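Everything below concerns the one structure shown next.
Bear in mind that the values here come from a model prediction, so they are computed numbers and not experimental data. In what follows, every chain begins at residue 1, and chains take the letters A, B, ... in the order their sequences are listed. The figures here come from the full heavy-atom set of this structure, side chains too, leaving out hydrogens, waters and symmetry mates.
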Amino acid sequence: MSAPIRYLFQQQVREVTQVSPTRTLLQHLREDLHCTGTKEGCAEGDCGACTVVVGELLDGKVEMKSVNACLQFLPAIDGKAVFTVEDVQQAQQLHPVQQALVECHASQCGFCTPGFVMSLWDLYLQREESHTPLNRNTINIALSGNLCRCTGYRPIIAAAHRMEQLPRVKFNSQALAQQLGLLKREDSLRVEHADQRFDAPQTLQELLELRAAHPGAVLLAGGTDIGLWVTKQFRALPHLISLGKVRELQSISEQSEILEIGAAVTLDRAYQHLCKYYPNELGELAQRFASLPIRHAGTLGGNVANGSPIGDSMPWLIALGAQIVLSSLSGQRHLALEDFYLAYQKKDLRADEIVSAIRIPLPELPPQSPRLFRTYKLAKRYDQDISAVCAAFSTRLVDNKLQQVRIAYGGMAATPKRATQAELALEGQPWDEAHLQAAITALANDYQPLSDMRASAEYRLLTAQNLLKRFWLETRAGLASPATPTNVFAVADQTEQV
Amino acid sequence: MKSSALNWTEVGISHPHESAHLHVCGQASYTDDIPELHGTLHAALGLSPYAHARLLELNLEAVRAAPGVVAVFTASDFPGDNQCGPILKDDPILAQDVVEYLGQPVFVVVANSHQQARSAARLAQFKVEALPAVLDPRAAHAAGSYVLPPMALQRGDAEQALLQAKHRLQGQWQVGGQEQFYLEGQIAYAIPKEAQGMHVYCSTQHPSEMQHVVAHALHIPSHSVQVECRRMGGGFGGKESQSALWAGAAALSAWLLQRPVKLRADRDDDMMVTGKRHEFHYDYEAGFDDNGRLTGIRVAMISRAGFSADLSGPVATRAVCHLDNAYYLSDVDIRAMCAKTNTQSNTAFRGFGGPQGAILIEYIMDDIARYLCKDALEVRRQNFYDRPDSGERNITHYGQTVADNVIHELVAELELSSEYQQRRRAIAAYNASSPVLKKGLALTPHKFGIAFNVTHLNQAGALVHVYLDGSVLVNHGGTEMGQGVNTKVAQVVAHELGIPLAQVRVSATDTSKIANTSATAASTGADLNGKAAQHAASQIRDRLAAFAAGLSGLNAEHASFAAGQVSIGSWNMAFSELVQKAYLARVQLWSDGFYATPGLHWDGKAMKGSPFQYFAYGAAVSEVLVDTLSGEWKLLRADALYDAGNSLNPALDIGQVEGAFIQGMGWLTSEELVWNAQGKLTTHAPSTYKIPAISDCPEDFRVKLFNQANRADSIHRSKAVGEPPLLLAFSVFFALRDAIASLNPDTKISVALTAPATPEAILRAVQSINSQKTS
């Protein structure tokens, strides 16, 4: 039986019936509600003109996050609150975010501005309790998903600083928590419309039953990929099963040096957690992994389950020796992640199975022998770009010999793939230039990359080799001497601090 | 009669953009935000899947049968001309018989919803005879295939000069094209009106051109077509001529169905259909002396025009006229070819060929410096046009005297404020001790001609209405695309009438208010429309002054309009009160205004004349850090100094400079257009086409205006600011080149870096220079 989608908008509970479950929040706002402040710039989550803030209850607390309205299917906002640019101004009074943008001359054509307002408002809310001054990197992260073609961003950055100097406007999250509490659903949501169906089970058992009963249904996590199937490819999606409400898949747990991340944990939560353990190793990748609104919606499980050859999580997960947990009604399987990928878009996944979690080795405390671990991403642009090449290296140095060498790349083959020959050239060897060269040579046998609009095959292979060299430069000789600077982005940050 | 606006300054002040408040509240209305009339239908275009083919059969049955589809129209449905070429009539709105690029619109499908129209548009079945597709401008050039006859400009005897030159360099180079990537895509909303009328809301820089195209397409007089544009979500040249296709297709559908029809381009469709900045290929040869001073130059420029002429001719003209940039070229031989390729028809984009002309001479300056082992800034200085009051090297290769040259002072000021020389030394020291990361530094100047090259376009009209409460409504022919032309024009009018800016409102651009407007382009929006509005306002002011003189018995010539008051000597009255009294006395309180830029002439055949009213100057210094293992890089600091004359609004002008700088940087670095072997643009969305994002804005970004009044009689002696500062981004590209060159400081070789300098292009240049080191 089909239930209405219920969500909170402009202080009111809205009920939506008779709607396609693949109608996007952006279409709904603009076409159904005639709320035209939110703009469409690309309909693929890249420009941020449609950024809205969604509030939801997580463990009794309100969590607010910016997302791209163009990639959110309407049933996915069931039980949540939606805030658009129309909601930021209070009683004819500009909010500090808006006031700062005006004062700093931060809008020109104004089309991207509502999206910037919402991303900045989200940042403003996150900093309710913060007393440290806002730094440039935090602003970059918050605005990584908003493109502006007019201003060159300088005045927008100035506005981000300025908004914090204006008298603080409080957000009443307790009232919102109460309102959201009333929207809590006892039964799982099911939407049926015309020939489409959408299920949002709340327990793993329910989910597995649905999966077993409907092997043809598409599993939906954050929708950052599947959204495009609708907006760009016009694919018919007769049946979607959402992971978003399944409690068991939302958890992050730590058990004997393994971090287990549920499949529905967002990329943002997952990477924030991971960066506690691997701040230097994963910090930059976490920031370069799509944009903040995409990381707010997309999931680590989705990234892994999708298994794109250019996904950014898999190389380092494989290098660390992560495992994937597959669940079905008949139980669980644990697989080494690299064994999950069989061929291009082909995985070791049965029709009744789902990816339920990722198990990631944590640094041992105290360290037995130092693990050398790095991951590097190359793209045309720092923010929100898909990798040309993504590389990850992990090894231990025991008595000055390399052990447990694991090297994996994205963008080099039809799947995320280990460089077995390069690994072989290094395993058990001293970490010196001669063996580096041998491994670099071996890499050419590990991969036959393709050319496309992101990079040529030659560039991919050459940089794959160069990144191995970079790994060596950064980790050789136990880092006794000052390391050779190898990271333009890190050096730039240091320049800023001086 | 003359009355003065003493001490009243609404110009020269950094007022916020007139729509800033609306922007931040989401209340600024764009074409897609206009409440839809009952019965509105939605259209989408059906695109050619082939780069070049003869259409044998177009089967639209599945399109017609798709859910929600109301009608499908093709080229044969036009009552009038199926044509949107702005100069040559070689550009059909909907292709007929032959398709000439992959993405060319072939039919328009109208449905009940946007989504229905878009999905139906994909269901057409094409039966074609494939024709050979030329995808590369060099290949088209080799085959002599152009959209227009080649152009040539000569001065002196370049061949002799080259033969006699002490040193000579020659080479080939290329810069890529660029997608405008206005955030608001192309859109038109056409509404049939009584008596065979058509009202079109369109996101366009050129409402009058849209009016002409729609009138011709529907075969109705221009007076029956009204085109209106309140604002655009960015234009950058992409909505100068190429909004016509969308206006034409929407109007056709609305006409044939007699229902309102909206045609909004999805981002992918927009990028697949519309033209971009022209990619340029160059063959060059330069002769110079020991000081690096050019003695002769020969250049062939081949642009990627795409399948039709569009604005490729004027773009090439501007490229030719800007080859000199800030430098005196004595003996010159320039040829420009607009190569016909089976790709999107390239069009206007901020700078309009100027950047493509000027960057080549900068590339040559850079090479000369390396060849002579000199700092590039010294070589550039050697070649500057002389100061206007001294020397003879001040006539451009097309014959215009450079009478307002400030590049010497401007560059000297920037060199000092940016600490160019100290940083040059610091960078050399850094590079000596950093094997992987390398820094680079470059200072590049620019001189940019202001006015349309085509003389007759340099005209504008305005209407100013003063209402009885003293509020003022202004209408002018310029269009607002974010640049702030409405703010500036309102400032001019407020200033003229001596009233606060808040009393002045600028309404949407509308062909029924101002007739026969020129495109808001060539950076002339504020220059032309500001003057026209000033003219209109001054007539009203003069009438009010005369009326006040009658009231007071004093001399109108002593009337002063300031701070909302009109005074003559000790006599004084509020502006609004005077207006009411004037109305009762039957004084005309509204006026038209007109402006035509004086002193321009241009012989397009000989490519000689004085096409520009004045020049806008600027310079920038950029410092970059390059990873020689990956080609990734970062802009560490940028300093820019821009000559805005007496700026009408410094905040808006600085915004234009910053925005142009980053946009130009995108053109030269991350923005790469890639077509596959079938001629499909594979970078047709922001997922694959990367304009600069927030992290690309340098931490240290210092933009200043160079304060000096325009020598020409421009509006309040200000200077244009839209396009010229795009050239400031050259400094980023040449800083990258400088960083790469540091890998091999002893050689005189040219760094083979193509634009856009993507990480891959940079790494290729790194490899190239390293390989020459070992050999």
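- Counting heavy atoms from C-beta on, the side chains of B/Pro435 and A/Thr484 come closer than 4.5 Å.
- Looking at every heavy atom in both residues, A/Leu94 comes nearest to B/Cys25 through CD2-SG, 3.5 Å.
- Only the side chain of A/Ile157 comes within contact range of chain B, with at least one heavy atom under 4.5 Å from a heavy atom of that chain.
- Side-chain atoms of B/His23 and A/Ser107 form a donor-acceptor pair, as typed in the model, at a separation below 3.5 Å.
- Distance check, rounded to the nearest 0.5 Å: CD of A/Glu40 to CG of B/Asp266 gives 6.0 Å.
- Interface remark: A/Thr84 contributes no atoms to any contact with chain B (heavy atom separation under 4.5 Å).
- Nearest heavy atoms, A/Asp46 versus B/Lys690: OD1-NZ, 3.9 Å.
- In this structure, the separation between CG on A/Asn137 and OG on B/Ser695 is 7.0 Å, given to the nearest 0.5 Å.
- Remark: B/Ile654 CD1 to A/Thr151 OG1 distance equals 13.5 Å, nearest 0.5 Å.
- B/Gln27 has its side chain within reach of A/Gln89: a pair of non-hydrogen atoms, C-beta onward, lies under 4.5 Å apart.
- With a threshold of 4.5 angstrom between heavy atoms, B/Arg118 approaches chain A through its backbone and through its side chain.
- The part of A/Val117 that comes within reach of chain B is its side chain, from C-beta onward, which places non-hydrogen atoms under 4.5 angstrom from that chain.
- A salt bridge links B/Asp32 with A/Arg30; the closest basic N to acidic carboxylate O contact falls under 4.0 Å.
- A/Gln98 touches chain B through backbone and side chain together, each having a heavy atom under 4.5 Å away.
- Both the backbone and the side chain of B/Phe181 come within contact range of chain A, judged by heavy atoms closer than 4.5 Å.
- The contact between B/Val674 and chain A is made entirely by side chain atoms (from C-beta outward), counting heavy-atom distances below 4.5 Å.
- For the atom pair A/Ile156 CD1 and B/Ile694 CD1, the distance stands at 6.0 Å (nearest 0.5 Å).
- With a 4.5 Å cut-off on non-hydrogen atoms, B/Ala28 touches chain A through its backbone but not through its side chain.
- The CZ atom of A/Arg454 sits 6.5 Å away from atom OG of B/Ser687, with the distance rounded to the nearest 0.5 Å.
- The side-chain heavy atoms of A/His34 and B/Pro35, taken from C-beta on, include no pair separated by under 4.5 Å.
- For CD of A/Gln93, the number of neighbouring non-hydrogen atoms (other residues, nucleotides, ligands) closer than 6.0 Å is 12 at most.
- Between A/Met453 and B/His684, the closest side-chain pair of non-hydrogen atoms is not below 4.5 Å.
- Remark: A/Lys232 NZ is packed, more than 12 non-hydrogen atoms of other residues, nucleotides or ligands lying under 6.0 Å away.
- Taking a cutoff of 4.0 Å between a charged side-chain nitrogen and a carboxylate oxygen, B/Glu632 and A/Arg470 do not qualify as a salt bridge.
- The existence of a salt bridge linking B/Glu672 and A/Lys380 is confirmed by a sub-4.0 Å separation between a basic side-chain nitrogen and an acidic carboxylate oxygen.
- No other option in A/Leu101, A/Leu147, A/Val88 has as many heavy-atom pairs under 4.5 Å with chain B as A/Leu147.
- Looking at B/Arg231 and A/Phe111, their side chains never come closer than 4.5 Å, going by heavy atoms from C-beta outward.
- In this structure, B/Phe236 and A/Cys150 have side chains that are in contact, with non-hydrogen atoms separated by less than 4.5 Å.
- Atoms CG and CD, from B/Leu183 and A/Gln108 in turn, are 11.5 Å apart once rounded to the nearest 0.5 Å.
- By the 4.5 Å heavy-atom criterion applied to side chains, B/Glu184 and A/Cys109 are not counted as neighbours.
- In this structure, the portion of A/Arg288 lying under 4.5 Å from any heavy atom of chain B is its side chain and not its backbone.
- B/Asp627 and A/Thr486 make their closest contact through OD2-O, 3.8 Å (heavy atoms, listed as atom of the first residue, atom of the second, distance).
- Residue B/Arg122 touches chain A through its side chain alone, counting heavy-atom pairs closer than 4.5 Å.
- What you find for A/Gly110 and B/Tyr30 is that their closest heavy atoms are C-OH, 2.9 Å.
- Of the two parts of B/Val703, neither the backbone nor the side chain holds a non-hydrogen atom closer than 4.5 Å to a non-hydrogen atom of chain A.
- Nearest heavy atom pair, residue A/Thr463 against residue B/Leu763, reads CG2-CD2, 3.5 Å.
- A salt bridge links B/Glu671 with A/Arg149: the distance from a Lys NZ or Arg NE/NH1/NH2 to an Asp or Glu carboxylate oxygen falls below 4.0 Å.
- Across A/Pro114 and B/Gly26, no two heavy atoms sit closer than the pair CG-CA, 4.2 Å.
- Interface remark: B/Thr682 contributes backbone and side-chain atoms alike to the contact with chain A (heavy atom separation under 4.5 Å).
- Heavy atoms closer than 4.5 Å to chain A are found in both the backbone and the side chain of B/Gln115.
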